[in-house]
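Given the structure is predicted, the values throughout are model-derived calculations rather than measurements. Below, chain A is the first sequence line, B the second, and so on; all start at residue 1.
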Amino acid sequence: MGRAAFIAALFVLGLAGRVRAGVDAHAEMAAALEAQIDLRPAPAVLPTLVRTAPVGPDTASVDKGRGHASGSARGASDAAHAAHQADGPGASAIAHAAKEAADQAAAHAQSKRAKERMSHGHQNH
Amino acid sequence: MRAHARLAIVAIALCTSVIAPSRAHADATTTRHLLDGVHAFKDGRYEEALVELRVVARSGDAPPDLAFYLGPTLFKLGRHREALAVFLASTAPRDALTDFYLGQTYYQLKLYRKARALFVALRARGLGPVLDGAAARYVAMVDATYAKAPGDATIDYYVELGAETVRAPDQALVAAEIFDEARLVEALAAAPHRHAEIGAGLGAAWNAAGRPRAVIDALADDRARSPDGSWELARAYVATGDAARARPLLDALIRGGGARARDAAALRAGLPR
């Protein structure tokens with residue numbers, strides 16, 4: 001009887017510890033988030049899509065402020081239904097951004113995988 | 001009575017000795033990764049923070065407010081689209097700090113009207129003096145940018161970006177935000193521009209994201225709706241079980257004989273009588 005009560009008490013204490021750890025993480029993160037907010041935003045620059053030379057009737061160029069990518073204008077509703085179909089000729093309007101993201105992801109991938117392996121190894125010990 | 005009490009204590013002891021330790025171990029591991037992620041974020045080691053938080057995300061007991069940790073980390077890494085997707089997918093109750101980072105994410109993605117609306121709402125809810133000042137500066141930046149009515153080329157940009165984004169896998173929510181930005185920008189334009197296309201795109205994105213109620217909210221009262229818009233609205237009514245409202249929309253599309261006629265006929269045929 002006494003032993004069971006002791007184990008139950010340990011369980012309750014463990015739960016309390018877990019809750020406290022969660023609260024600590026949240027409070028610490030909140031402090032870090034507040035400290036690292038960008039208080040002075042850079043000026044906003046409106047993006048524009050610039051129609052280019054007559055390569056094709058629907059061909060357009062998107063000026064993202066960082067470069068240009070051309071794309072074929074299609075109805076948005078059609079686009080949703082063509083979600084998994086192959087793209088038409090020409091780079092997409094977000095190709096430039098997508099490539100940047102892919103390059104960025106690739107750059108991070110190697111170190112990330114290594115660190116995750118380390119992390120899993122740590123977890124198994 | 002005494003036997004029952006003894007039985008209950010034995011049951012608790014059994015739980016604690018067999019089930020709880022394995023759960024507690026998993027919990028402790030997740031909590032450790034979460035704390036490691038927080039500490040890495042705090043030190044500006046955002047890549048390491050992301051690694052730790054990804055481990056937490058994959059665990060079975062990730063905190064429901066994971067976006068609070070993961071979204072800002074992706075933001076700091078400049079992975080703004082991913083950050084936006086994380087913020088949007090979160091079902092945890094919103095808090096001011098998460099929303100502030102969401103607002104900054106909108107801003108970096110040039111979704112300025114969305115950013116402005118969020119910062120205005122945050123200020124109305126009440127922020128401390130530092131954050132309130134920062135939110136005011138974001139709003140002022142957007143207002144300065146929109147001092148003149150936006151041109152067609154800006155609306156075109158958002159429509160094209162939305163159309164491209166809705167085709168990408170798992171990007172429907174992000175696409176809906178882009179089309180919503182297009183809608184907000186178009187409302188400020190000197191003259192309507194691609195209004196029906198924006199509505200149809202917004203409807204397509206919300207439907208793709210599994211949020212038919214949002215489609216109905218956006219399109220039900222839109223008198224300038226295109227056939228594509230009506231198609232998306234009909235799909236949303238069908239998804240919500242409102243066949244009575246879907247039927248006349250589908251009938252009109254079938255009678256019109258346009259690109260949506262065949263799809264409309266197929267959807268109409270499946271409706272309950």
TODO: Using non-hydrogen atoms and a 4.5 Å limit, figure out which bit of B:V130 sits close to chain A: side chain, backbone, both or neither.
DONE: both
TODO: Heavy-atom pairs under 4.5 Å with chain A are the metric here; pick the option from B:P63, B:A134, B:G37 that has the most.
DONE: B:A134
TODO: Go through the atoms of A:A35 and report whether side chain, backbone, both or neither lie under 4.5 Å from a heavy atom of chain B.
DONE: neither
TODO: Please flag which part of B:Y138 lies under 4.5 Å from any non-hydrogen atom of chain A: side chain, backbone, both or neither.
DONE: both
TODO: Spell out, as yes or no, whether a donor-acceptor pair under 3.5 Å connects the side chain of B:R225 to the backbone of B:L219.
DONE: yes
Task: Under 4.5 Å from any heavy atom of chain A - which part of B:F100 - done: side chain
Open item on the list: Is B:N207 close to chain A through its backbone or its side chain, or both, or neither, when contacts mean heavy atoms under 4.5 Å?
Closed with: neither
Open item on the list: Could you measure the distance from the OH atom of B:Y106 to the NE2 atom of B:H80? Nearest 0.5 Å is fine.
Closed with: 14.0 Å
Open item on the list: Looking at B:E164 and B:R81, is any side-chain nitrogen of the basic one under 4.0 Å from a carboxylate oxygen of the acidic one?
Closed with: no
- [ ] Sort out for me which residue in B:Y107, B:Y157, B:F119 forms a ring-ring contact (aromatic ring centres under 6.0 Å, His included) with B:Y112.
- [x] B:Y107
Open item on the list: With a 4.5 angstrom heavy-atom cut-off, is it the side chain or the backbone of B:H39 that approaches chain A, or both, or neither?
Closed with: side chain
- [ ] Could you check which of B:D95, B:V142, B:L131 has the highest count of heavy-atom pairs closer than 4.5 Å to chain A?
- [x] B:L131
- [ ] Check B:E82, B:E48, B:E47 against B:R54 for a salt bridge (charged side-chain N to carboxylate O under 4.0 Å, His left out) and give me the one that passes.
- [x] B:E82
Open item on the list: Regarding B:R45 and B:E52, does a basic nitrogen lie under 4.0 Å from an acidic carboxylate oxygen?
Closed with: no
